[in-house]
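What you see is a predicted model; the values in this text were computed from it and never measured. Within every chain, numbering begins at 1; the chains are lettered A, B, ... in the order of the sequence lines, protein sequences first and strands thereafter.
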Amino acid sequence: MPQCRKWPMKMKHQLNQALYNALKKLDVSVESIQLTPPKNPEFGDLSTNLALTLTKLLKKSPMEIAADIQQCLSVDTALISDITITPPGFINFRISPAYFQSLISQILKKGNQFGRGRTGENKTANVEFVSANPTGPLTVGHGRQAVLGDTVSGILEWHGYDVTREYYFNDAGRQMRMLGQSVEARYFQQLGQDISLPEDGYQGDYITAIAQNVLDTHGENLESGNPIFRKTAEDIIFGLIKSTLKNLGIIHDQFTNEKSFYESGAIDDTLQKLRDNNLIYEFEKATWFKTTALGKDQDRVLIKSTGEPTYRLPDMAYHRNKMDRNYDLVIDIFGADHIDTYPDVLSALDILGYDTEKVRVLIHQFVTLVRGGEKVKMSTRKGDYVTLDELTNEVGADVVRYFFIMRSMNSHLNFDLDLAKDHSDQNPVYYLHYAHARICNIIKHGESLGHKFTKDYNPSLLSHSSEISLLKQMDVFPEVMELALNTLEPQTIANYLQELATHFHKFYTDCKVITNDIPTTQARLALISAVRIVLANGLQILGLSTPERM
RNA sequence: GCCCCGGUAGCUCAGCUGGAUAGAGCAACGGCCUUCUAAGCCGUAGGCCACAGGUUCGAAUCCUGUCCGGGGUACCA
């Protein structure tokens, strides 16, 4: 087999260098050179718009400039098989098949390390997500954030970060008080008393079940206002939430309670520090944060006239706490309904001297549930919702996870329940699974015929156009992973894997792996082993399974 | 009013740090299994990339404005 050549990224690097050298000869300097694969493969494997960008500077036509550059260009002809110029002035490079063929040994050698970045090595990250107060079961609406947060965590881990998955909640406050009162009302109703739910009480059936539980374990003689009602509800519901998340393969490392910041004095301290900065004032018995002094269009209440803080103040204290824990990266994942809260938190952090560059806030748009062609309106309080558990149980964790990350978080997501359930066979996630299972099956089939994988395959036998494009697709994997890290947008990985699977399925129909042609069989076994690795790596980052048969 | 996100094929959406002929899945139509899994592959059809200006050699992509949808603009979280 040929020597392992350059590592994929180095390909671009080399060309970059060669182009810079050529420009030097022409006595031109530029800040950066763009080198991207052209849409139309007929133009080659990598193209640069360099000549187009230099027209103004050189006052020549881009075609002329491109020709000049090409004249001065010297490249490794073992790697670059062809250089062409096409209108309006692109310079195109065709990379020799040998380069792509040598990729296989790289992938096989690196295995589940292939495509891994080192950006996060020796760094820590905190990803806060879900953070729903335990007032009811998680709904499908929470699912998007849960999966998004876990997948973003996975991307960071892939690049070496030590990630803490964190859940922030509040077991004091109005919501939880209402929860306790709702349970209490159901409790007394079960004892035959004519008591109605509080006006804003929780109406779901689970409240009745919790009341029954209280009745069973604590008897009939509880008095109104006993904290047992709220406490029991919280315990039961939190247990439910954790199990819902676990069904999706999501486990938080840390649960942080807002209450702890009252107890530690962090909230008072935060307020005091802001006060020291002259950003706090009292008005109509409430305490205000003077955000207008920071360029915002209105001031915000931090402590209500009732003496109870709004969510903003504890949020600030909480974020200080996260910053104090010295993470290299702090990620908040919020739904679009929280979009207005974080700028104030960041302002506060900024004023208090924290490096807000470390904070990244990811906002995702809402999920609209569609059932029977109609939108389903949901409300936890009214007990009108589809739980995340119901969904997971019906279509499986992989489908749920994939549905939630296959689309950009910036887009509203229509989740068609009927489609997810009834047509689950045509779900795009199965397309990926199928590719993986097919590979496993071929390998198994080969083994049954005595074809053992050997390192002495000859990669130059992989010259079919389907084989080459499959190799090219794998070549790009590390770059896609890097992009995913920079943007923290999981759908780029999903899109990539779809394309990889497409290339594989195409290869599968065009080329038979196990044949009487031993050298070709061995080369193709090496090829699909590499594909399996890349597929599996991608699936693993997304938290999806890698079935060996379907 | 102001702020954020979106408006791309019949439907759901990719593509958006500017590049060459705008893509996928579903739905429609037509092909491909004596051969490693047809949960697959190939083909046909389907588009003023909301609209109008602007920047640029070049705009779905960047800027401005308008329209439409969603969210926020709470002493709810």
Side-chain angles (χ1 to χ4, degrees), chain A residues 34 36 38-40 42-43 47-49 51-53 55-56 61-62 86-90 92 131-133 135 170 173-175 200 258 283-288 296-298 300-312 314-315 335-341 343 363-366 368 370 373 406-416 419 423-435 437-446 448-449 451 466 483 486-487 491-492 494-495 498-499 501-502 504-515 521 524-525 528 549-550:
Chain A
Q34 198 182 83
T36 52
K39 271 184 198 152
N40 188 339
E42 282 176 25
F43 290 131
S47 293
T48 179
N49 59 356
L52 293 162
T53 63
T55 46
K56 243 183 197 167
S61 83
T86 49
F90 289 100
N92 312 304
S131 296
N133 281 340
T135 56
N170 173 12
R174 209 186 75 92
Q175 280 188 3
D200 291 328
E258 176 184 327
F283 178 66
E284 289 184 348
K285 290 185 186 168
T287 303
W288 294 72
K296 305 289 162 62
D297 32 336
Q298 59 184 295
R300 305 289 188 174
V301 170
L302 291 187
I303 298 177
K304 304 182 218 171
S305 50
T306 60
E308 202 172 16
T310 65
Y311 56 91
R312 284 172 209 271
D315 260 15
D337 54 340
H338 283 62
I339 197 143
D340 226 42
T341 89
I363 305 284
H364 65 88
Q365 298 300 313
F366 283 165
T368 306
V370 179
M406 67 190 282
R407 303 271 122 100
S408 160
M409 68 181 97
N410 292 325
S411 293
H412 297 258
L413 181 67
N414 268 15
F415 199 115
D416 190 325
L419 197 81
H423 300 281
S424 59
D425 275 6
Q426 11 191 344
N427 191 288
V429 73
Y430 290 114
Y431 187 73
L432 307 181
H433 282 163
Y434 190 48
R438 265 184 157 176
I439 293 171
C440 294
N441 190 61
I442 297 169
I443 292 172
K444 205 179 298 168
H445 180 246
S448 75
L449 295 178
H451 294 287
S466 300
L483 182 68
N486 293 334
T487 59
Q491 89 276 6
T492 56
N495 291 340
Q498 284 293 325
E499 282 174 35
T502 298
F504 169 74
H505 288 307
K506 175 90 171 105
F507 158 80
Y508 178 90
T509 39
D510 290 346
C511 304
K512 194 158 183 212
V513 176
I514 310 295
T515 63
T521 297
R524 287 182 174 162
L525 276 174
I528 65 169
R549 75 172 66 149
M550 290 176 71

For the pair made of [atom1] in [X] and [atom2] in [N], what is the distance, rounded to whole Å?
X        : N     : atom1 : atom2 : result
A:Asp416 : B:G25 : CG    : P     : 19 Å
A:Ile339 : B:G71 : CD1   : P     : 13 Å
A:Gln34  : B:G19 : CD    : C1'   : 7 Å
A:Ile303 : B:A74 : CD1   : P     : 19 Å
A:Tyr311 : B:G72 : OH    : C1'   : 9 Å
A:Lys39  : B:A24 : NZ    : C1'   : 14 Å
A:Asn427 : B:G25 : CG    : P     : 14 Å
A:Asp200 : B:C76 : CG    : C1'   : 10 Å

Discussion item. Need the glycosidic conformation of B:C33: syn if within 90° of 0, anti if not. Which one?
Written reply: syn
Complementary nucleotide for [N] - Watson-Crick or wobble, under 3.5 Å:
N     : result
B:A28 : B:U44
B:C36 : none
B:U55 : none
B:G69 : B:C5
B:A60 : none

Worksheet item: Centre of A:Phe504's six-membered ring, under 6.0 Å away, within 45 degrees of the axis: is that where NZ or CZ of A:Arg438 sits?
Response: no
Nucleotide nearest [X] (side chain, heavy atoms from C-beta), chosen from [options]:
X        : options             : answer
A:Tyr431 : B:C41, B:A14, B:C75 : B:C41
A:Asn40  : B:U73, B:G71, B:U21 : B:U21
A:Asn133 : B:C76, B:G71, B:A77 : B:A77
A:Phe90  : B:C75, B:G19, B:A39 : B:G19
A:Asp297 : B:C13, B:C2, B:U21  : B:C2
A:Arg300 : B:G19, B:C75, B:U73 : B:U73
A:His445 : B:C36, B:C75, B:A74 : B:C36

Practice prompt. On the 0 to 90° scale, with breaks at 30° and 60°, tag the A:Tyr431-A:His505 ring pair as parallel, tilted or perpendicular.
Written response: tilted
NA contact type, [X], heavy-atom cut-off 4.0 Å: base, sugar-phosphate, or nothing?
X        : answer
A:Lys512 : base
A:Cys440 : nothing
A:Asn92  : base
A:His364 : nothing
A:His412 : base
A:Pro38  : base
A:Gln491 : sugar-phosphate
A:Leu483 : base
A:Asn495 : sugar-phosphate
A:Gln298 : sugar-phosphate
A:Thr36  : nothing
A:Leu413 : sugar-phosphate
A:Tyr508 : base
A:Ser305 : base

Worksheet item: Does atom NZ of A:Lys285 have more than 12 heavy-atom neighbours from other groups under 6.0 Å away?
Response: no
Item to complete: Please figure out whether A:Leu52 or A:Glu258 has its closest RNA chain B nucleotide nearer the 5' end.
Response: A:Leu52
Worksheet, complete the sentence: RNA chain B nearest-nucleotide lookup for A:Lys285 and A:Arg549: closer to the 5′ end is A:Arg549
State whether the distance check finds a donor on one side and an acceptor on the other, under 3.5 Å, for side chain [X] versus base [N].
X        : N     : result
A:Tyr430 : B:A39 : no
A:Asp337 : B:G72 : no
A:Ser47  : B:A20 : yes
A:Asp340 : B:U73 : no

Rounded at 0.5 Å granularity, tell me how far [atom1] in [X] sits from [atom2] in [Y].
X        : Y        : atom1 : atom2 : result
A:Gln34  : A:Thr53  : CD    : OG1   : 9.0 Å
A:Gln365 : A:Ile339 : CD    : CD1   : 6.5 Å
A:Lys444 : A:Leu449 : NZ    : CG    : 13.5 Å
A:Leu413 : A:Ser408 : CG    : OG    : 10.0 Å

Discussion item. Using OP1 and OP2 only, check whether a side-chain N or O of A:Lys304 sits under 4.0 Å from B:C76.
Written reply: yes
Worksheet item: Does A:Arg438 make a side-chain N or O approach to OP1 or OP2 of B:A38 shorter than 4.0 Å?
Response: yes
Item to complete: Any chance you could lay out the side-chain contact (heavy atoms from CB on, under 4.5 Å) test for A:Ile363 and A:Asn410, step after step, and finish with the verdict?
Response: CA-CA 7 Å; A:Ile363 305 284; A:Asn410 292 325; 5.9 Å; no
Worksheet item: Quick one: does A:Asn40's side chain have a donor or acceptor within less than 3.5 Å of a partner on A:Glu42's backbone?
Response: yes
Worksheet entry | Aromatic stack A:Phe366/B:G70: centroid gap under 5.5 Å, interplanar angle under 30° | no
Discussion item. When you compare the ring of A:Phe43 with the six-membered ring of B:A20's base, are the centres less than 5.5 Å apart and the planes under 30° from each other?
Written reply: yes
